[in-house]
Amino acid sequence: MNFALGYKPGQLGESSTMDNLEKQLICPICLEMFTKPVVILPCQHNLCRKCANDVFQAANPLWQSRGSKSMSTGGRFRCPSCRHEAVLDRHGVYGLQRNLLVENIIDIYKQEESSRPLNPTKVEQQQLMCEEHDEEKINIYCLSCETPTCSMCKVFGQHKDCEVAPLQNVYKRQKTELSDGIAILVAGNDRIQALLSQMEETCRSIQENGRRQKQSLCDKFDGLYAILEERKKELVGMISRQQDDKLDYIRSLMRRHGDHLEGAVKLVETAIQSMEEPQMAVFLQSIKDIFKQISTTAKVSSMECPEPGYESMVHFVINTENVADMLRTIDFNTVRASVAGFQEKDGEDGYDLGFSSQERTT
């Protein structure tokens with residue numbers, strides 16, 4: 001069906017101001033002029049209270065309606081103009097402030113419109129005209145073909161066998177359906193936005209939980225490092241103490257044997273000098289003391305000495321194979337984590353650092 005607006009250029013200038021004003025008074029939900037009462041959202045955008053309540057109810061299906069005896073906890077929805085989230089108390093949209101200024105402007109606009117003389121030429125210019133039948137207005141809607149048409153097309157034209165309805169009725173019905181669809185879309189968008197916000201919060205929780213678990217894991221391994229380091233110092237100290245004891249003992253023996261050797265060398269030198277004495281009487285007199293010293297030195301020659309293998313330190317050996325195997329099998333306590341559904345509750349960690357099940361059984 002072809003139709004067009006029958007207007008002539010240059011004849012619409014006088015109503016441009018009122019048309020611009022009317023555009024500012026259109027509700028973004030129902031696409032009609034605001035219906036009082038008009039409420040103002042925290043973002044300073046305006047809505048019909050009925051439209052705001054429809055969107056609020058769709059976004060908060062569990063919210064109790066006004067007049068319910070049960071207590072309500074409020075709710076939230078997003079402004080259809082700027083997507084800013086409006087948080088409402090238990091009164092819902094009835095707790096929003098009315099925009100009396102906009103309501104007064106609407107009243108003044110309607111009074112101005114009603115007082116303006118009707119311009120038949122303008123009305124005719126704005127009326128859609130049928131292109132197949134001259135001078136016939138588009139005033140009915142073909143339900144079968146889903147297109148506007150004129151009465152002549154229904155009586156004589158291509159829509160004579162179709163089901164039709166008054167254009168005004170179909171217009172109001174479909175505009176209502178479109179408004180409801182917009183409200184559903186806005187509510188759906190709010191739910192998706194809420195889901196995205198929840199997922200963003202989940203991402204932040206995952207990052208924080210991962211950071212906390214990493215820190216906990218590092219702390220536990222640092223504790224193990226500290227235990228190993230402390231035990232290593234203790235064992236090294238035990239080896240050092242016995243090493244020092246053995247060295248002290250050997251060095252004391254070396255000093256004793258050194259002193260004995262020094263005395264024996266001096267005795268040898270004295271005995272050699274005595275051998276050179278030409279006088280027999282003097283020689284015999286001095287040799288008595290030398291014999292006594294040689295006898296004493298010979299007795300002391302069997303001095304104490306360390307037992308064979310005294311230098312060995314092989315008894316300071318530890319077996320770390322079992323401990324190394326246990327350290328290699330350190331794993332997360334997945335049994336508890338699976339029972340908890342891999343969820344963290346009341347601030348408790350979902351994993352515990354421990355040994356594997358096989359190692360625990362051994």
Side-chain angles (χ1 to χ4, degrees), residues 1 19 21-99 102-103 105-106 109-110 128 138 140-149 163-203:
M1 179 63 195
D19 291 342
L21 177 61
E22 181 180 3
K23 291 179 182 178
Q24 302 302 318
L25 301 176
I26 298 299
C27 173
I29 300 298
C30 62
L31 303 180
E32 294 283 354
M33 185 175 293
F34 287 119
T35 301
K36 294 190 298 184
V38 179
V39 295
I40 182 170
L41 301 180
C43 58
Q44 303 303 310
H45 287 112
N46 299 288
L47 295 175
C48 306
R49 188 161 69 185
K50 178 182 179 304
C51 297
N53 189 57
D54 292 341
V55 176
F56 178 72
Q57 291 284 354
N60 302 270
L62 300 180
W63 187 80
Q64 299 292 334
S65 60
R66 192 182 189 191
S68 174
K69 295 181 180 180
S70 60
M71 294 297 294
S72 176
T73 58
R76 59 185 65 198
F77 72 100
R78 293 188 177 275
C79 171
S81 297
C82 66
R83 310 303 301 153
H84 177 79
E85 186 176 59
V87 180
L88 306 184
D89 58 15
R90 61 187 181 87
H91 299 290
V93 298
Y94 295 93
L96 292 173
Q97 184 179 359
R98 291 178 62 178
N99 194 334
V102 173
E103 293 181 5
I105 293 175
I106 292 174
Y109 175 83
K110 290 182 177 179
L128 290 174
I138 302 298
I140 61 176
Y141 186 83
C142 178
L143 301 176
S144 302
C145 301
E146 297 183 349
T147 182
T149 185
E163 181 180 359
V164 298
L167 185 65
Q168 183 70 13
N169 296 346
V170 178
Y171 166 77
K172 291 182 178 180
R173 182 176 70 252
Q174 292 197 2
K175 201 163 189 179
T176 301
E177 293 176 357
L178 179 60
S179 177
D180 295 340
I182 293 174
I184 293 174
L185 289 175
V186 171
N189 293 341
D190 288 341
R191 286 192 293 269
I192 294 175
Q193 186 64 41
L195 180 61
L196 291 175
S197 300
Q198 182 181 0
M199 289 182 178
E200 291 176 356
E201 181 63 28
T202 302
C203 290

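Among residue pairs with one or both ends in residues 24-45, those qualifying as side chain to side chain donor-acceptor pair (under 3.5 Å) are Glu32-Lys175, Lys36-Asp107; sequence neighbours excluded.
Atom CZ of Phe77 and atom CG of Asn53 lie 9.0 Å apart (nearest 0.5 Å). For the atom pair CG (Leu41) and OG (Ser81), the distance works out to 8.0 Å, reported to the nearest 0.5 Å.
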Hey, can you pull the donor-acceptor pairs under 3.5 Å for the side chains in residues 190-199, sequence neighbours left out?
from	atom 1	to	atom 2	distance (Å)
Asp190	OD1	Arg78	N	3.4
Asp190	OD1	Arg83	NH2	3.1
Asp190	OD2	Arg78	N	3.2
Arg191	NH1	Ala58	O	3.2
Ser197	OG	Gln193	O	2.9

Pairs under 3.5 angstrom only: tabulate donor-acceptor contacts from the side chains of residues 181-189 to other protein residues two or more places apart or in another chain.
from	atom 1	to	atom 2	distance (Å)
Asn189	ND2	Leu185	O	3.2

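When side chains are defined from C-beta on, Met33 counts as touching Ile106, because their heavy atoms get closer than 4.5 Å. The closest side-chain heavy-atom distance from Pro80 to Leu47 is below 4.5 Å.
The side chain to side chain contact (heavy atoms under 4.5 Å, CB included) test applied to Lys50 returns Asp54, not counting sequence neighbours. Qualifying side chain to side chain contact (heavy atoms under 4.5 Å, CB included) partners for Glu201, counting only residues two or more places apart in sequence or in other chains: Arg204, Ser205. Val164 meets the side chain to side chain contact (heavy atoms under 4.5 Å, CB included) test with Ile140, Cys142, Lys154; sequence neighbours excluded. With sequence neighbours left out, Arg98 forms a salt bridge (charged side-chain N to carboxylate O under 4.0 Å, His left out) with Glu103. Scanning for salt bridge (charged side-chain N to carboxylate O under 4.0 Å, His left out) contacts around Lys172 gives an empty result, with sequence neighbours left out. Residues passing the salt bridge (charged side-chain N to carboxylate O under 4.0 Å, His left out) test with Glu22: none are found, sequence neighbours excluded. Residues that satisfy the side chain to side chain contact (heavy atoms under 4.5 Å, CB included) test with Glu177, not counting sequence neighbours, are Arg173, Gln174.
Between Ile40 and Asn46, the shortest heavy-atom distance links the atoms CB-OD1, 3.6 Å. Here the shortest heavy-atom pairing between Cys48 and Phe34 reads SG-CA, 3.6 Å.
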Could you please spell out the steps behind the side-chain contact (heavy atoms from CB on, under 4.5 Å) verdict for Tyr141 and Glu146?
-> CA-CA 7 Å; Tyr141 186 83; Glu146 297 183 349; 3.5 Å; yes
Report the C-alpha distance between Leu143 and Val170 in whole Å, list the side-chain angles of each, state the deciding distance to 0.1 Å, and finish with yes or no for side-chain contact (heavy atoms from CB on, under 4.5 Å).
-> CA-CA 9 Å; Leu143 301 176; Val170 178; 4.2 Å; yes
Go through the steps to decide whether Leu21 and Ile105 satisfy the test side-chain contact (heavy atoms from CB on, under 4.5 Å), and finish with yes or no.
-> CA-CA 9 Å; Leu21 177 61; Ile105 293 175; 4.3 Å; yes
